[in-house]
Every structure is written in structure tokens, then in C-alpha cells.
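I have placed the structure first, in the form of C-alpha cells, so that the comments after it can refer back to it.
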Amino acid sequence: MNAPILNRDFYAAPTLQVARALLGQRLVRLWQGQRLSGRIVEVEAYIGREDQASHARRGRTPRNAAMFGPPGHAYVYLIYGMYHCLNLVTETAGFPAAILIRALEPLEGVALMQAQRGQAAWRDLLRGPGRLCQALHIDLSLNGADVCSPTHGLWAEADAAVPEDRVLTTPRIHVRGDAESLARPWRFVICDHPCVSGPASLNHHQSLSLSP
DNA sequence: GGATCGATCGGCT
DNA sequence: GCCGATCGATCCG
């Protein structure tokens, strides 16, 4: 009696809405018959060709083709020659949009994931887009995989809802682009969650020091 | 064909 | 905070 797998309609919606709705849901990887999973605590949206921080800014290429495909599929790419990043494709075929999964709170298969990640501490196990792909055995073989069915061993399940006052939006981190793209608050995190990979709360000291 | 670069991470100063 | 690892995709000529 597992929770239902999030379906195509869930992903075939405005990307910012999907990004917000993914917080709190459970990302599941079936690996050699074992469930590895974590709660989604940090995501980033990449929307359209006008988004200068998106891989789709220069149009469709072999690497980013999945972003232009139908919703509810994975877009996985290799970065810095050593890590992978997982995105979930949104909206409609032909329009490039996806959500980068940046961090998870470990739930199931913790010992197996730790074995895969050099016995990383619980808090660091899935904290970061490269780390979570390593722990969940996600690589280029999953690029384009349908995540609306259990077929490829990767999907998201309905789980705990996150109340509005627990959600923080910030600009995306570690990205390049024009000032407009960099300013967009398209990063969504669960406020103050220990497994978030970047700023997880508004910094009161900074706010105070910036005030006259 | 060759040069450059990156939605990262871990180790070190 | 800074630096190097490491390699496929992309861009330039």
C-alpha cells in the first residue's frame, strides 16, 4: 500500500506550481529490488528559452532534448565530468521546462545509500544534486525515463504536504545568466530544513545589518 | 579537429 | 574561501 505515483497531469502544469507542489513529496528509486527514497526539500525551476540560466537557452540539442519532450520524464545530465543532476520535465512537449531536484531528506534505504556514498552522514547523504544522484544510482541511463510509471525504477509519490509558511523561495544558486534570470525567485526550499543545500532561511542578522 | 566550459563536490588553506 | 578533478557537449574555425 504505497502512496500513488504522481501522474502525468501533475507534471503537465505551470512549472512554478509543480515546483512548489513537489516539496514534501517522496522521490523513489527502485534499485535491485530495494526502495531508496527521500523527501524533496529543495528544487529549482528552469523555464523556457528566455531563461538565460537554462540549458534550453540556445535551443534544442542532443543533451537537453528531454527538456523539450513530454512532461513526467527525467532529464539527467553529466556535470563537471563526474556528477549527474536529475530534473523532472514539466508543462507541454515542445516547450522546454524542468525542475532540478537539489536535495532530499533520507527516508528509505539509508544504509544502502550510505554504502554508495562513502558512509556520508545522514544530513549530507542527499544534500545536493550531485550527491543525491550518486546515492540513488541515477545516471545517464535514466535520461528521458518516464517517471509516471514504475517501469524504470524512478518516480515520485504523494507524501506530506508542506504548509505555505514552511516554504521559502530564493534566486537559484550557482547559476550563470543575465541579471533578470538571476533575480527570479525560482528556487523553492522547505524553510530551515537541515537537508537543504543552500540558504534555508531568511538571515535576520543580514537584514538587520543592511538596515540603517 | 581543438578549445572551452559547467544547474558540483571534497579537500585543503 | 579557494582549488582541482574530469569529460561530454558545445562552440569556433
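So you know, we letter chains A, B, ... as the sequences are listed, proteins then strands, and number each from 1. Values in this document were obtained by computation on a predicted structure and should not be read as measured data.
The distance from atom CG of A/Asp139 to atom P of C/dT6 is 18 Å, rounded to the nearest whole Å. In this structure, A/Glu42 places its CD atom 13 Å from C1' of B/dT8, rounding to the nearest Å. For the pair A/His55 NE2 and C/dC11 P, the computed distance is 12 Å after rounding to whole Å. Counting to the nearest Å, the P atom of C/dA9 and the CG atom of A/Asn143 are 10 Å from each other. A/Ile173 places its CD1 atom 7 Å from the P atom of B/dT8, with the value rounded to the nearest Å. For the pair A/Met82 CE and C/dC7 C1', the computed distance is 9 Å after rounding to whole Å. Distance CD (A/Gln134) to P (B/dC9): 9 Å, rounded to an integer number of Å. In this structure, the CD1 atom of A/Ile79 is 5 Å from the C1' atom of B/dG6, given to the nearest Å.
A/Asn87 contributes a side-chain N or O that, together with a main-chain N or O of A/Tyr75, makes up a donor-acceptor pair within less than 3.5 Å.
Listed candidates were B/dG6, B/dA7, B/dC9. Nearest to the side chain of A/Tyr77 is B/dA7. Side chain of A/Arg58, nearest nucleotide from C/dC11, B/dG10, B/dA7: C/dC11. Of the candidates B/dA7, B/dG10, C/dG8, the closest approach to any side-chain atom of A/Val175 belongs to B/dA7.
Distances shorter than 4.0 Å separate some side-chain N or O of A/Arg102 from OP1 or OP2 on B/dT8. Side-chain nitrogen and oxygen atoms of A/Arg117 include at least one within less than 4.0 Å of the OP1 or OP2 phosphate oxygen of B/dG10. The phosphate of B/dT8 (OP1 or OP2) has a side-chain N or O of A/His174 nearer than 4.0 angstrom.
Closest heavy-atom contact between A/Leu78 and A/Gly81: CD1-C, 3.9 Å. Heavy atoms only, all atoms of each residue included: A/Ala56 and A/Gly48 are closest at CB-O, 4.5 Å. A pairwise comparison of heavy atoms in A/Gln52 and A/Ser181 identifies N-OG, 3.0 Å as the closest pair. Nearest heavy-atom pair, A/Arg127 versus A/Val196, reported as atom, atom and distance to 0.1 Å: CD-O, 3.3 Å.
In this structure, A/Tyr83 forms no aromatic stack with the base of B/dT8, since the conditions of centre separation below 5.5 Å and plane angle below 30° are not both met.
Contacts of A/Arg172 with the nucleic acid, taken as non-hydrogen atoms under 4.0 Å apart, are absent. In this structure, A/Gly130 reaches the sugar-phosphate backbone alone: every heavy-atom distance under 4.0 Å involves primed, P, OP1 or OP2 atoms, never a base.
For the C1' atoms, the distance linking B/dG10 with C/dG8 amounts to 22 Å, nearest Å.
The hydrophobic clustering, which links ILVMFWY residues whose side-chain heavy atoms are closer than 4.5 Å, places A/Leu125 and A/Tyr83 apart.
Salt-bridge annotation for A/Glu164 and A/Arg20: present, with a side-chain N of the basic residue lying under 4.0 Å from a carboxylate O of the acidic one. Using a cutoff of 4.0 Å between basic side-chain nitrogens and carboxylate oxygens, A/Arg172 and A/Glu44 are not scored as salt-bridged.
Remark on DNA chain B: of its neighbouring residues A/Gly128 and A/Arg176, the 5'-side contact belongs to A/Arg176, judged by nearest-heavy-atom nucleotide.
For DNA chain B, if you chain together Watson-Crick or G-U pairs that step i with j, i+1 with j-1 and so on, the runs of at least three with distances under 3.5 Å are B:1-6 with C:7-12, B:8-12 with C:1-5.
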